[in-house]
Amino acid sequence: MIIDTEECGICEDCIDVCPEEAIEKQAYKVIITNKCTNCGECMDVCPLGAIYDE
């Protein structure tokens, strides 16, 4: 999964829904770590459509 940092509003909904705890807020952006299993939960919950599959 990839987060488009230009589109991300840093709402943190993806952080809350991630079952692998693979999404973190760092400074002024949200990143997906290598713990990601590409389940798509974050993509489904993103209100801005800023997360997409590689």
Side-chain angles (χ1 to χ4, degrees):
M1 306 306 285
I2 296 175
I3 296 178
D4 182 341
T5 55
E6 295 292 318
E7 295 294 321
C8 177
I10 313 174
C11 68
E12 300 183 26
D13 288 352
C14 57
I15 295 172
D16 296 336
V17 76
C18 181
E20 302 299 327
E21 297 180 354
I23 306 174
E24 300 174 355
K25 183 177 177 184
Q26 291 186 351
Y28 297 104
K29 64 182 177 178
V30 176
I31 64 157
I32 297 177
T33 70
N34 61 358
K35 292 191 247 177
C36 178
T37 61
N38 293 322
C39 70
E41 299 271 341
C42 57
M43 189 169 54
D44 293 341
V45 75
C46 182
L48 300 175
I51 302 173
Y52 55 95
D53 199 359
E54 297 184 73

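Residues take their numbers from the sequence shown, with the count starting at 1.
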Student: Nearest 0.5 Å, what's the CD1-OG1 distance between Ile10 and Thr5?
Tutor: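 Going from the CD1 atom of Ile10 to the OG1 atom of Thr5 covers 9.0 Å.
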
Student: Which distance, rounded to the nearest 0.5 Å, do you find between the CG of Asp13 and the CG of Asp44?
Tutor: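 One gets 12.5 Å once the value is rounded to the nearest 0.5 Å.
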
Student: Please give me the minimum heavy-atom distance between Glu20 and Lys35, naming the atom from each residue.
Tutor: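 For Glu20 and Lys35, the tightest heavy-atom pair comes out as CB-O, 3.8 Å.
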
Student: Restricting to non-hydrogen atoms, name the atom on Ile23 and the atom on Cys18 that form the minimum distance, rounded to 0.1 Å.
Tutor: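 Heavy atoms only, the tightest pair is CD1-CB, 4.1 Å.
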
Student: Can you tell me how far apart OG1 (Thr33) and CD (Glu21) are? Round to the nearest 0.5 Å.
Tutor: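 Result: 9.5 Å between the selected atoms.
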
Student: Rounded to the nearest 0.5 Å, what separation is found between the CG atom of Asp4 and the SG atom of Cys46?
Tutor: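 The distance works out to 9.5 Å.
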
Student: Find the distance between CD (Glu24) and CD (Glu12) and round it off to the nearest 0.5 Å.
Tutor: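 Reported to 0.5 Å precision, the distance equals 11.5 Å.
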
Student: In this structure, would Met1 and Ile15 fall into the same cluster of hydrophobic residues linked by side-chain contacts under 4.5 Å?
Tutor: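 Same cluster.
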
Student: Check Gly9 against Leu48 and note the closest heavy-atom contact, atom names and distance.
Tutor: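 Closest heavy-atom pair between Gly9 and Leu48: N-CD1, 3.3 Å.
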
Student: Do you reckon Met43 sits in the same ILVMFWY cluster as Val30, going by side-chain contacts under 4.5 Å, direct or chained?
Tutor: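 Hydrophobic grouping puts Met43 with Val30.
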
Student: Distance from Ile31 atom CD1 to Ile2 atom CD1, nearest 0.5 Å?
Tutor: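 Rounded to the nearest 0.5 Å, the CD1-CD1 separation comes to 13.5 Å.
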
Student: For residues Cys8 and Ile3, report the shortest heavy-atom separation together with the two atoms involved.
Tutor: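 Distance-wise, the nearest heavy atoms are CB-CG2, 3.9 Å.
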
